[in-house]
Amino acid sequence: MTVTAVLGTQWGDEGKGKVVDFLAEDADFVARFNGGNNAGHTVINKYGMFKIHLVPSGIFSPRAKALIGGGVVVDPAVLLKEIATLRAASVEVDGKLFVSPRSHLIMPYHKILDGLYEEAKGAGATGTTRRGIGPVFADKVSYNGIRWSDFAREEVIRTRLGMQIELKNKIITALGGEALDFDEVFETYRGYYEQLKPFIRELFPIVQGGLKDGKNFLLEQAMGTFLDTDWGTYPFVTASTTLPSAATAGLGIPPRSITDIVGVAKAYTTRVGGGPLPTEIKDTSHPVYEQFAETAATTGRSRRIGWLDLEVTRTAVAISGITELCLSKLDVLSGLDEIQVCVGYKLNGKEVSYADVDAYGLDEVEPVLKTLKGWDEDITGARYFDDLPKRAKEYIRFVEEQAGAPVKWVGVGPEREATIRI
Ligand code: GDP
Ligand code: IMO
Ligand code: MG
């Protein structure tokens, strides 16, 4: 039995979707345990190209059951659309995909409030995806959330939703937004519930049964380590725990059952939205912006770009107990004469670590950069470590030495098979 968690070690978009897709071949269960459709995970395989927001990226594996845990917040319209897209591509979902009745629903007022809060913050805005993530998690922990299980009893959902709409309308109108109509929201969501009912199932017996039978689980984190509410660059974070411990509450997996923790590190760094990025290349006319061509999978925004930050990788390895790394997008660096990597930070001339500073301090640190030699060769066809040029091998070795975890896989292209296993 293996229970493997796949985590992003940066600020999201490390290539988790691709890694989950190729690791899912050996999985009996693939699961999402945190976040919502703020995530956008790209998968390219024989079924086509998908930007997946809610369904586990391992759904393509013929034998795996796909679970959306109670720790995930669900926008039903997005889930229905995703199911339709997968069906249209002949990917099996019926009898294979299950959604926890404990998962909270993103309601129209969450999306409205997300936007209104962002507008109100002006220059200090988080730069959220505006998918309602902060407000839905706030409702969850303040006992105001709506869960799928509430729909089982009409009087429960009517009363609870009625109260929420009354409350939220007061806030929305005070902030200059337009009030919502209870009947409209209720009927729309009841319709979603009817359509999604075949997928809603308590996951406890499925997960516990799988663990007892020694099955292989693959747990797919959404967002990245440094968007974690506690250990990320607060307040420029997301609203859910992104550390592997989130799989415990978000799926019902006992912490000691987790056997492997795979950290995905992009060969450079990107970030979408506000917040510090110590290795950022601030000049957006720098050629890397064109070469790396980074566009957000969920919002279509341009991603900010920086060099690989090994202080960040090291911190992620330590905090999540990462057992092996996947260095993704190494192919994208081909053609650079020199590649910079950050090996530490200085603040006012003194060495500091990630944990020594808050988000505002992190914005002021000076990255200690080391210059490594690049390579010219196109490496997208490489399938073995020995196919790689000497400088690319040196880059990989440097990363693992600095990060404190071995690099077991290297990404050399977006497709499932463009992967080197070391
Ligand atoms: P996720 O959110 O962590 O799943 O990552 P995204 O899908 O948002 O962003 C990663 C992007 O890099 C996507 O466009 C992937 O198709 C692409 N990608 C992933 N791994 C590789 C790789 O090794 N090489 C290249 N060239 N692209 C990759
Ligand atoms: P995947 O799973 C990159 C960022 C947003 C914003 C902050 C808060 O594809 O790696 P939110 O909408 O969550 O309230 O926004 O978090 N963010 C992501 N950035 N990849 C993601 O997911 C992200 N999910 C949230 O850009 O800065
Ligand atoms: Mg993404």
Side-chain angles (χ1 to χ4, degrees), residues 6-22 32 34-45 49-54 56-58 72-73 75 106 110-111 113-115 117-118 125-138 220-229 232-240 242 262-277 291-304 326-334 359 378-380 382 409-420:
V6 174
L7 315 174
T9 59
Q10 293 151 328
W11 281 276
D13 307 327
E14 296 88 351
K16 300 174 291 291
K18 176 194 156 176
V19 174
V20 167
D21 177 54
F22 76 72
R32 278 275 310 267
N34 76 320
N37 59 302
N38 45 348
H41 295 181
T42 314
V43 170
I44 304 176
N45 58 27
M49 203 260 240
F50 304 85
K51 295 204 178 285
I52 310 183
H53 305 290
L54 277 171
S57 301
V72 178
V73 290
D75 185 328
I106 297 179
H110 293 130
K111 288 182 266 192
L113 287 172
D114 195 351
Y117 293 156
E118 283 288 280
T126 309
T128 72
T129 59
R130 301 197 178 207
R131 300 300 191 260
I133 303 298
V136 71
F137 277 109
E220 175 180 6
Q221 175 226 50
M223 289 74 72
T225 302
F226 297 94
L227 288 171
D228 178 76
T229 321
T233 48
Y234 194 89
F236 304 100
V237 291
T238 192
S240 67
T242 64
V262 175
V264 187
K266 202 182 266 190
Y268 48 95
T269 313
T270 58
R271 179 162 199 169
V272 190
L277 183 57
Q291 180 169 337
F292 297 0
E294 286 277 351
T295 307
T298 297
T299 56
R301 290 179 285 179
S302 290
R303 293 173 178 156
R304 296 156 64 193
C326 171
L327 187 64
S328 66
K329 303 195 85 161
L330 192 67
D331 56 301
V332 176
L333 296 181
S334 294
D378 175 355
I379 59 169
T380 52
W409 300 273
V410 179
V412 290
E415 312 81 16
R416 181 192 283 186
E417 54 288 347
T419 309
I420 294 172

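Values reported hereafter were calculated over all heavy atoms of this structure, with side chains retained and with hydrogens, waters and symmetry mates removed. Both counts, for ligands and for their atoms, begin at 1 and track the order of listing.
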Just need the protein heavy atom nearest to [atom], so name the residue and atom and give the distance.
atom                    : result
atom 22 (C) of ligand 1 : G413 O, 3.1 Å
atom 27 (O) of ligand 2 : V272 O, 3.0 Å
atom 15 (O) of ligand 2 : T128 CA, 3.3 Å
atom 10 (C) of ligand 1 : D13 O, 3.7 Å
atom 25 (C) of ligand 2 : M223 CG, 3.6 Å
atom 20 (N) of ligand 2 : D13 OD1, 3.0 Å
atom 13 (O) of ligand 2 : T238 OG1, 2.6 Å
atom 5 (C) of ligand 2  : G127 O, 3.6 Å
atom 20 (N) of ligand 1 : K18 CD, 3.5 Å
atom 27 (N) of ligand 1 : K329 CE, 3.5 Å
atom 2 (O) of ligand 1  : G40 O, 2.9 Å
atom 2 (O) of ligand 2  : H41 NE2, 2.6 Å
atom 17 (N) of ligand 2 : L227 CD1, 3.6 Å

Q) Taking heavy atoms and a distance under 4.0 Å, where does R301 meet ligand 2: side chain, backbone, both or neither? A)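 For R301, the contact with ligand 2 is made by the side chain alone.
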Q: Tell me which part of W11 gets within contact of ligand 2: side chain, backbone, both or neither, using heavy atoms under 4.0 Å.
A: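 The answer is the backbone of W11.
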Distance from [X] atom [atom1] to [Y] atom [atom2], nearest 0.5 Å?
X    : Y    : atom1 : atom2 : result
I379 : I420 : CD1   : CD1   : 6.5 Å
K329 : F292 : NZ    : CZ    : 9.5 Å
D13  : T42  : CG    : OG1   : 7.5 Å
E415 : I44  : CD    : CD1   : 5.5 Å
R303 : T270 : CZ    : OG1   : 5.5 Å

(Q) Taking 2.8 Å as the limit, list every protein N, O or S atom around the Mg ion (ligand 3), by chain and residue number. (A)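 Only D13 OD1, G40 O fall inside 2.8 Å of the Mg ion (ligand 3).
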Q: Please state whether A239 comes within less than 4.0 angstrom of ligand 2, counting heavy atoms only.
A: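 No; A239 lies far enough from ligand 2 that no heavy-atom distance drops under 4.0 Å.
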Q: Could you tell me if any non-hydrogen atom of G40 lies under 4.0 Å from any atom of ligand 2?
A: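 True for this residue.
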So, for [X] and [Y], which heavy atoms are closest and what is the spacing to 0.1 Å?
X    : Y    : answer
Q10  : Y268 : NE2-O, 3.2 Å
R131 : N37  : CD-ND2, 3.7 Å
L330 : V410 : CD2-CG1, 3.7 Å
W11  : L227 : O-CD1, 3.4 Å
M223 : S240 : CE-OG, 3.7 Å

Is a side-chain donor or acceptor of [X] paired with a backbone partner of [Y] at a separation under 3.5 angstrom?
X    : Y    : value
T225 : G8   : yes
T9   : V264 : yes
T233 : P276 : no
R304 : G273 : yes

**Q.** Residues D378 and S334: side-chain donor-acceptor under 3.5 angstrom
**A.**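 Not at all, the side chains of D378 and S334 share no donor-acceptor pair under 3.5 Å.
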Q) Distance only, no hydrogens: is a donor on one side chain within 3.5 Å (strictly under) of an acceptor on the other, for K16 and S328? A)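 No, because no side-chain N or O of K16 sits under 3.5 Å from a partner of the opposite role on S328.
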Please compare [options] and report which has the shortest non-hydrogen distance to [atom].
atom                    : options                : result
atom 12 (O) of ligand 2 : T129, T42, T229, V136  : T129
atom 9 (O) of ligand 1  : R303, E14, H53         : R303
atom 8 (C) of ligand 2  : V264, T270, I133, V237 : V237

Polar atom proximity, [X] to ligand 1 (N or O, under 3.5 Å):
X   : answer
G12 : no
K16 : yes
G15 : yes

Under a 4.0 angstrom heavy-atom cut-off, which atoms of ligand 2 come close to [X]?
X    : result
A39  : 1 (P), 2 (O), 9 (O), 22 (O)
G273 : 27 (O)
A222 : 2 (O)

**Q.** Test side-chain hydrogen bond (donor to acceptor under 3.5 Å, both in side chains) applied to S57 and D21, step by step
**A.** CA-CA 6 Å; S57 301; D21 177 54; over 6 Å; no
[X]: numbered ligand 1 atoms lying under 4.0 Å from its heavy atoms:
X    : value
G411 : 23 (O)
G17  : 4 (O)
T42  : 4 (O), 6 (P), 7 (O), 13 (C), 14 (O), 15 (C), 16 (O)

Q: Return a yes/no value for K16: is any of its N or O atoms, backbone included, closer than 3.5 angstrom to an N or O of ligand 2?
A: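 Between K16 and ligand 2 (N or O atoms, distance only) the closest approach is under 3.5 Å.
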Just let me know how [X] lines up against ligand 1, side chain, backbone, both or neither, with a heavy-atom cut-off below 4.0 Å.
X    : answer
R416 : neither
D331 : side chain
V332 : side chain

Q) Under the criterion side chain to side chain donor-acceptor pair (under 3.5 Å), which of D228, T126, N38 is the partner of T238? A)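 The passing option is N38.
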Q: Please determine which of R301, R271, K266 meets the side chain to side chain donor-acceptor pair (under 3.5 Å) test together with E294.
A: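 Exactly one candidate clears the test, K266.
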(Q) P135 and side-chain contact (heavy atoms from CB on, under 4.5 Å): which single residue from T128, I106, D114, V73 fits? (A)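 When T128, I106, D114, V73 are each tested with P135, the side-chain contact (heavy atoms from CB on, under 4.5 Å) holds only for D114.
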Q: Mark the output for Q10 as yes if a heavy-atom distance to ligand 1 is under 4.0 Å, and as no if none is.
A: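 Not so, Q10 does not reach ligand 1.
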Q: Start with the C-alpha distance between T419 and K18, add both sets of side-chain angles, then the distance that settles side-chain hydrogen bond (donor to acceptor under 3.5 Å, both in side chains), and finish with yes or no.
A: CA-CA 10 Å; T419 309; K18 176 194 156 176; 3.2 Å; yes
(Q) Applying salt bridge (charged side-chain N to carboxylate O under 4.0 Å, His left out), can you list everything that pairs with D75, at least two apart in sequence or on another chain? (A)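 Checked D75 against salt bridge (charged side-chain N to carboxylate O under 4.0 Å, His left out); matches are K111.
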